[in-house]
Number of protein chains: 2
Amino acid sequence: MLCPDNRTVLTTELPVNISRGYARPVSKPVAKAAQDKPAKDPTVALRLGVDRSSPVPLYFQLAQQLEAAIERGALTPGSLLGNEIELAGRLGLSRPTVRQAIQSLVDKGLLVRRRGVGTQVVHSQVKRPLELSSLFDDLEAAGQRPETRVLRNTVEAASAEVAAALGVGEGDEVQLIERLRLAHGEPMAYLTNHIPGGLLDLDTERLEATGLYRLMRAAGLTLHSARQSVGARAATADEAERLAEPGAGAPLLTMRRTTFDDTGRAVEFGSHVYRASRYSFEFQLLVRP
Amino acid sequence: MLCPDNRTVLTTELPVNISRGYARPVSKPVAKAAQDKPAKDPTVALRLGVDRSSPVPLYFQLAQQLEAAIERGALTPGSLLGNEIELAGRLGLSRPTVRQAIQSLVDKGLLVRRRGVGTQVVHSQVKRPLELSSLFDDLEAAGQRPETRVLRNTVEAASAEVAAALGVGEGDEVQLIERLRLAHGEPMAYLTNHIPGGLLDLDTERLEATGLYRLMRAAGLTLHSARQSVGARAATADEAERLAEPGAGAPLLTMRRTTFDDTGRAVEFGSHVYRASRYSFEFQLLVRP
DNA sequence: CAGTGGTCTAGACCACGCC
DNA sequence: GCGTGGTCTAGACCACTGA
């Protein structure tokens with residue numbers, strides 16, 4: 001994704017929400033589709049329908065279909081969805097199941113509910129909130145042909161700062177990785193990561209082929225949350241040279257992030273600098289209702 | 001909140017999640033509290049209990065109590081909550097209601113569920129995700145005694161850029177506000193905002209007393225989402241002077257944000273610069289499970 | 001006043017993780 | 001196997017909105 005001024009914009013989006021389900025016997029093909037109502041709500045013309053033999057949860061199937069309808073414009077912004085009870089009856093589902101589907105789209109910011117009014121499609125412009133992102137994946141998704149040069153990949157004793165960030169003892173073994181990230185052959189960012197010792201088997205080869213988060217997930221870690229801080233500062237002479245900026249003093253965008261897995265353990269501490277002339281962070285926020 | 005290096009950090013937190021409820025007749029004081037189980041789960045000693053005469057929803061009451069218990073340390077990180085069915089029985093609630101309470105805390109990142117294992121308290125460090133934030137509120141919460149100087153407050157014709165961001169016609173009337181924000185008497189940021197004409201009655205006096213978002217909410221607008229972009233660049237000579245930075249070229253943190261209300265209408269477009277020597281953005285991310 | 005979403009109940013069966 | 005959360009049903013009453 002390119003900005004008007006040719007800077008790379010990071011719109012972060014990750015493959016989450018993997019459908020999980022369970023097999024269910026093909027039971028009760030409930031289908032007393034009441035077409036006796038004139039119904040001006042747009043979902044009637046939408047050939048919605050769930051597959052009860054699929055392992056994908058019913059609410060999830062419905063949510064996917066509604067989302068697809070919104071994305072392809074079949075459900076236009078501002079249009080009312082029609083009430084939950086009637087929709088449930090038409091699909092042969094119970095109301096709680098339909099509510100669960102709708103709620104998941106409300107959480108994504110695609111729908112808005114108003115008591116006494118109905119459920120409406122939000123007037124677009126809203127996409128999804130920021131996810132835990134990988135620069136590599138972001139660049140790849142944007143068609144920027146990312147490239148990684150691993151400049152250091154060693155085991156060190158944790159400094160006080162790193163130990164505090166990772167929640168390990170000072171002097172404990174941590175893996176240190178320094179990488180230069182390029183897109184279209186040009187330097188974009190200088191990435192420094194610290195990872196608790198023994199957590200991951202990181203060989204330089206795999207690090208150059210993909211992103212760190214992908215390696216972590218592949219190793220069975222469940223990434224859960226991250227605390228991050230974004231700022232700016234002037235480049236040192238060294239940094240300017242590494243990043244091919246004209247000289248010391250060039251503005252850099254900085255990001256420090258600690259990532260935690262689902263047990264609350266810190267799995268990574270990163271301290272990165274980006275060329276401000278080429279990068280910005282872009283994301284959406286949703287206000288919790 | 002102050003950084004080690006004395007820069008102001010923006011931890012954004014807004015008062016959302018206003019409790020809404022409805023009155024319910026004081027019915028069925030179901031209380032067959034089974035204490036026949038030894039139960040090593042920590043919630044038994046937690047004097048949990050809901051007030052059925054309260055207008056606050058039962059699931060919300062339970063969620064609040066659990067959250068409070070986590071915050072004061074009565075539920076320690078990693079501890080198991082005890083299964084949902086038993087908990088429901090003990091509280092005289094149905095399982096779906098208990099699940100709704102637990103789910104809301106999972107969404108906040110305070111709890112983690114594992115099938116076949118149970119529900120655990122996350123190992124702290126995790127706070128809440130970024131909310132739609134007001135610099136004024138953030139500074140005030142951090143005890144920084146914020147001050148605002150309104151430098152411009154006029155009505156103008158929308159430029160092409162502003163018109164595109166706000167979704168109005170080029171040349172339409174928009175309100176333009178330029179403000180200098182100070183903390184402890186020192187310049188922190190220069191804020192430029194555009195607001196669709198006629199949306200809000202903004203007098204300079206009120207703008208100097210509080211933040212823009214607070215005024216918007218007070219005017220009955222329901223803020224729903226925002227799209228924002230954070231970057232960095234070098235200051236112009238003018239900007240450096242306004243912000244009391246030593247001179248042109250000083251690194252600035254930039255933020256552009258368009259805010260939407262719950263009908264999807266753009267209600268504000270802001271283009272702000274912050275002194276990188278004094279500011280950074282700090283926030284948490286949660287990975288959607 | 002009619003229609004909507006918000007909340008709640010008391011059951012049920014299933015998939016997954018661990019022993 | 002056993003216990004956990006994940007999903008689903010078929011009802012019910014209430015509060016809010018707008019005509």
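Naming convention: chains lettered A, B, ... in sequence-line order (proteins, then strands); numbering from 1 in each chain.
Rounded to whole Å, the distance from CD on B:Gln61 to P on C:dT7 is 12 Å. Between the CG atom of A:Asp262 and the P atom of D:dG5 there is a distance of 15 Å, rounded to whole Å. Across the protein-nucleic acid pair, B:Ile85 atom CD1 and C:dC14 atom P stand 15 Å apart, rounded to whole Å. Atom-to-atom, CD of A:Glu86 to C1' of C:dT4 comes out at 13 Å; the value is rounded to the nearest Å. Atom CG in B:Leu58 sits roughly 17 Å away from atom P in D:dC13 (whole-Å rounding). The distance from atom CG of A:Asn83 to atom P of C:dA2 is 16 Å, rounded to the nearest whole Å. Between the CG atom of A:Leu80 and the C1' atom of C:dT4 there is a distance of 9 Å, rounded to whole Å. Rounded to whole Å, the distance from CZ on B:Arg115 to C1' on D:dG5 is 7 Å.
The phosphate of C:dG5 has OP1 or OP2 within less than 4.0 Å of a side-chain N or O from A:Thr119. For C:dG6, the OP1/OP2 oxygens have a side-chain nitrogen or oxygen of A:Arg113 closer than 4.0 Å. Taking only side-chain nitrogens and oxygens, B:Thr97 comes nearer than 4.0 Å to OP1 or OP2 of C:dT9. Look at A:Tyr59 and you won't find any side-chain N or O under 4.0 angstrom from OP1 or OP2 of D:dC8.
Residues B:Val267 and B:Ile195 fail the side-chain proximity criterion, which asks for heavy atoms closer than 4.5 Å.
The CG atom of A:Leu81 lies 10.0 Å from the CZ atom of A:Arg113; values are rounded to the nearest 0.5 Å.
In summary, the aromatic rings of B:Phe283 and A:Phe283 are positioned with their centroids under 6.0 Å apart.
Residue B:Glu84 places its side chain closer to D:dG5 than to any other of C:dG5, D:dG5, D:dT7. Checking C:dT7, D:dG5, D:dC8 against the side-chain heavy atoms of B:Arg99 singles out D:dG5 as nearest. Closest to the side chain of B:Pro57, from the set C:dT7, D:dG5, C:dT4, is C:dT7.
Side chains of A:Gln61 and A:Asp51: a donor-acceptor N/O pair is absent below 3.5 angstrom, by distance only.
Projected onto DNA chain C by closest heavy-atom contact, B:Leu93 and B:Gly116 fall at different nucleotides, the more 5' of which corresponds to B:Leu93. Where A:Val98 and A:Val117 each meet DNA chain D at their nearest nucleotide, the meeting point lying more 5' is that of A:Val98.
The nearest pair of heavy atoms linking A:Thr76 to A:Gly73 is CG2-O, 3.5 Å.
Among the protein residues, B:Arg114 comes within range of the sugar-phosphate backbone only, with heavy atoms under 4.0 Å from sugar or phosphate atoms but none that close to a base.
Between the base of C:dT7 and the side chain of A:Arg95 there is a donor-acceptor pair shorter than 3.5 Å.
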